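Notes for the one structure printed next.
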Amino acid sequence: MAYEHKRIEEKWRKHWKDAKTYRVENDPQKPKFYALDMFPYPSGAGLHVGHPLGYIASDIVSRYKRHKGFNVLHPMGYDSFGLPAEQYAIQTGQHPAKTTEVNIARYREQLDNIGFSFDWSREVRTSDPSYYKWTQWIFLQLFGSWYDHEQDKARPIGELIERFEKHGWNGGDGSAITGNEELDPLVEFSHTDWATFSEKHQQQILLRFRLAYLSEAWVNWCPALGTVLANDEVKDGVSERGGHPVERKRMPQWSMRMTAYAQRLLDGLDPVSSPGLDWSESIKEAQRNWIGRSEGALIRFALSAGTGVVEVFTTRPDTIFGVSFVTLAPEHELIEKITPPERMAEVMAYVTQAKNRSERERLTEVKRVSGVFTGAYVKHPFTHMDIPVWVGDYVLGGYGTGAVMAVPAGDQRDWNFASHFNIPFTAVTENWDISKGADESKEATLTNSVFLNGMKVADAIPRAIDELIAKNAGERRINFRLRDAAFGRQRYWGEPIPIYYKDGIPYPLPESELPLVLPEVDKFLPTEDGEPPLARATNWNYNGLAYETTTMPGWAGSSWYFLRYMDPGNEGRFASPEAINYWQQVDLYVGGSEHATGHLLYFRFWTKFLKDRGWINFDEPAKKLVNQGMIQGVSALVASVTRTEWESKTIVIANESIVLVSKGMVDDLNKPKTIDLVRSLFVRHQPEIEVASAELVHIHGVTWRYVPVDNVDSADAVVLDKTLTSIMPWADGLPIEAVFENGKLVCKREVEKMSKSKWNVVNPDDIITKYGADTLRLYEMFLGPIEQSKPWDTAGIEGTSRFLKKFWNLFHTESRNQESGISESFIVSEEAPSKAELKILHATLKKVEEDIEKMSFNTSVSQFMIACNGLHELKCSKRQVLEPLTIALAPFAPHIAEELWSLLGHNTSITTATWPKWDAQYLVEDNFSYPISFNGKTRMQLEFPTALSKEEVEAQVLANPEVQQRLEGKAPKKVIVVPKRIVNIVL
RNA sequence: GCCCGGGUGGUGAAAUGGUAUACACGAGGGACUUAAAAUCCCUUGGUCCGUAAGGGCCGUGCGGGUUCAAGUCCCGCCCCGGGCACCA
């Protein structure tokens, strides 16, 4: 009989489901704990062994906290809008809702098999209208809000209108405006002006302040996907998903004014201002970099001819006397205005060429300096000298003002530019040879700088700004790298944006109209004239007025889902104030670090907004964040012969067959024997080679191609129980031959991300079938620290499997019987435990409790093994030891624990059991075996009672004959005794 | 280039400044068995001396330092992983 994981696990899964064991109520009488896993996207590939890593960890903590008396919210749901389902819909015509449904069912089945304590009654799906009703509602709140920098929080747009009606606008709230500001700055107006403005004009002005707004914006347009991508969805100039080229383009675009929150998003990361935010330093650092705050000055350079100014942003206003030219980004709108006619052709030629350089080129050709002189000059604010204005593509249109004051002596990029075009410049720091490069040191002392001479950089910066302010030529300015987030996609499978258009102006849909349900369309493709798929919907309008046709991006639904779990069925509000007030912030948030600058930033942004508007009462969503490491796959690759050279030119050797070569022969492909073999293999499928008597003279190379890992054995050889053509996913039906090595076709192995396209995905189902969910759970935890990435290797799984069997056997004994064969009986006794047994128990309880608190699960699994080995040796089957141990094991291996718990005679679920307290009195040692070291090197062990004082230990050690022998009669220089640790004798 | 992690046996890894390599895998040996599987027991960092018992030396990426004592702290390098980057 022994431990039967299949029977036990099925039995308890069903029981938990029927008894609603994991149902959780909002019970204000109990302390709460909120453990959340990052939303999974239900992909068609199903769950692989990497996914559950974080879920198991949070499940252990959740179960542990429940034993500790907390009311634990541990929900799960699906981020079910998204590109893959839509892509699939385009290919097959199947509605994405259908495929999503199928995928979710598969996920659910797999998740259920692992025995998580999720409360499924709280499941949410972002694509469900009852959920996205509230995503749309939050959008409307954002649309109906502006950022008041005086109060430093979002306020209803009505307050702004009131302000305009009373005072007009003097430009003072300009820092709240971002959309279109560079191209079309908003000019000030009086309250009487406001009253005379048409409604359309008023609405256009309000759009400049709304937190969700529509504007002409530079976007990352991806022609292949037919959609706009967010900055963080673009990697190296291509789309993160699919790797299609992306180009910069101006388009009307829904955006979120996240920049208004830049400072607060940054402050929230600061341990001083936000002491409760227990996130890893690397994630916080990634967010800081992404927000990219820099302090400096905005400096205005008046044009030498005509009127107007060039504004630049600089972090080094102290180097103002080193300015030798000003550089504009090719996108800068002033270029056309300031370039004199005789230079226009040359300048515009450069601008066109520079703008058309793809992002990728600009990224890869960093060292190439290019630019053009506009022919225009600006005045230096202090010296009034003429400074030439250049255009250069090293200046970015989207950052700062799109213009820089170039100080070659102090900035290496400016230095490169000046050197390339032979623009003269002078040093601005003492003792610096400007022929070698720029002095970017912050420790430098300034020179050739009039009133700044002799000052250190740190002192010169504020002085320079003060002087600029006095001359009305500049001001203090803080600049952020963070951009407003693009919020519209030219896609079908997302939340419709609850907006309709009247006279070209977007208006919010009344709350009573929500949810605005995704309409049916005939195809999931853009229309012939390039409009998004929603434009295909018929009879889809608001009282005859057109709806917005773009949909929300993937991050919309996941930016607030943690609130919906608190009160998922609420039809009148996204969650009730009582529920929010009870559950508050997420106490433990577990997910991958790849969301560092995407999801985790938007998530914080929306939380702060909801706080500002009074919907919730905290402004950070998650107190503690743990990033689980990636479980990598071990891909298998096989060499296939690609380039071959044949003697006869009369026939073409077509790709009618594929020849594989075992790994060991790849290094020496052109051995005559291999050549012969390869030739004969080609001939087998292409007899015309023989007819033409074409000879293979050289094999030039191989291509490594993926082999599905299921078909490769532990010795890296392809398992040959099927035809090679049916094994190789890329074969396309072509016949495959192989050159073997001792009868084997050996692959090379590579550790990389687990992915369907690499054929290295291992799913948990087979492991559960073979070993059970409890073994899988323990094994994933046993692999190493949770944050660490590691390749998946089942080699060690036997260890955790054996441990469970051994643990089971502490409770049981097997007996052999002539008639019935082997039978098992439950042997737990009521006998009082010995001191040694209690010591094992309490040491384990202590270690496991401490380890769970610090999320060190690998070491707690080790401790269980140590305990089990120890009790096994003591032949301990006593209830007083095994029962508490079973509770402690329950968070890790819930099925076996539940079974043993019921065998111990309990009628209630082990999940309701109280966590056993460890007691220090059982851990007290009477004796300690001291390592005795001489000059730090351990030489022997001596056992003394722990009650002995330092002095007594020292005296006894020195009295020991073996120690005496080592001392050779000499007195030691020093003896260090650390009680219950070590004795060190210094000679 | 900058910012975060990390480098320890054949492998996954453990170690409040205090016996480096716990726990597990693998490997080797043994017990049980007709046999195999399963299970159980023993050995397992390197190297040198010794028939043996036992003992010496070296060992946590490299080089220094602090300390009675360093995988752990400090300084300087090297390598690997992740993030950011013509960011003014």
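Treat the numbers as computed from the prediction; the structure is a model and nothing was measured.
Contact check, A/S294 against B/rA88: a side-chain N or O comes under 4.0 Å of OP1 or OP2. Distances shown here put a side-chain N or O of A/R481 below 4.0 Å from the OP1 or OP2 atom of B/rA85. Of the side-chain N and O atoms in A/K973, none sit less than 4.0 angstrom from OP1 or OP2 of B/rA69. For A/N289 and B/rC2, the shortest distance from a side-chain N or O to OP1 or OP2 is not below 4.0 Å.
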- Query: For RNA chain B, what dot-bracket results from Watson-Crick or G-U pairs at under 3.5 Å, with [ ] for crossers and | for inter-strand partners?
  - Reply: (((((((..(((.....[....)))((((((.......))))))(((((....)))))..(((((..]....))))))))))))....

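Anti is the conformation of B/rG65, whose glycosidic angle sits further than 90° from 0.
Of the residues near RNA chain B, A/T859 and A/R939, the one whose nearest nucleotide (by heavy atom distance) lies more toward the 5' end is A/T859. Nearer to the 5' terminus of RNA chain B, by closest-nucleotide assignment, is the contact made by A/I797 (compared with the other of A/I797 and A/G936).
Across all strands, A/Q788 comes closer than 4.0 Å only to sugar-phosphate atoms, never to a base (heavy-atom distances). As judged by a 4.0 angstrom heavy-atom cut-off over every strand, A/D793 is placed among residues making no nucleic acid contact.
Judged by distance alone, the side chains of A/Y3 and A/N809 never bring a donor and an acceptor atom under 3.5 Å apart.
Note on ring orientation: taking the six-membered ring where Trp is involved, the planes of A/F803 and A/F807 are tilted (angle from 30° to 60°).
Checking side-chain atoms of A/T946 against main-chain N and O of A/E925 turns up a donor-acceptor pair under 3.5 Å.
Within 3.5 Å, a donor on the side chain of A/N984 pairs with an acceptor on the base of B/rC68, or the reverse.
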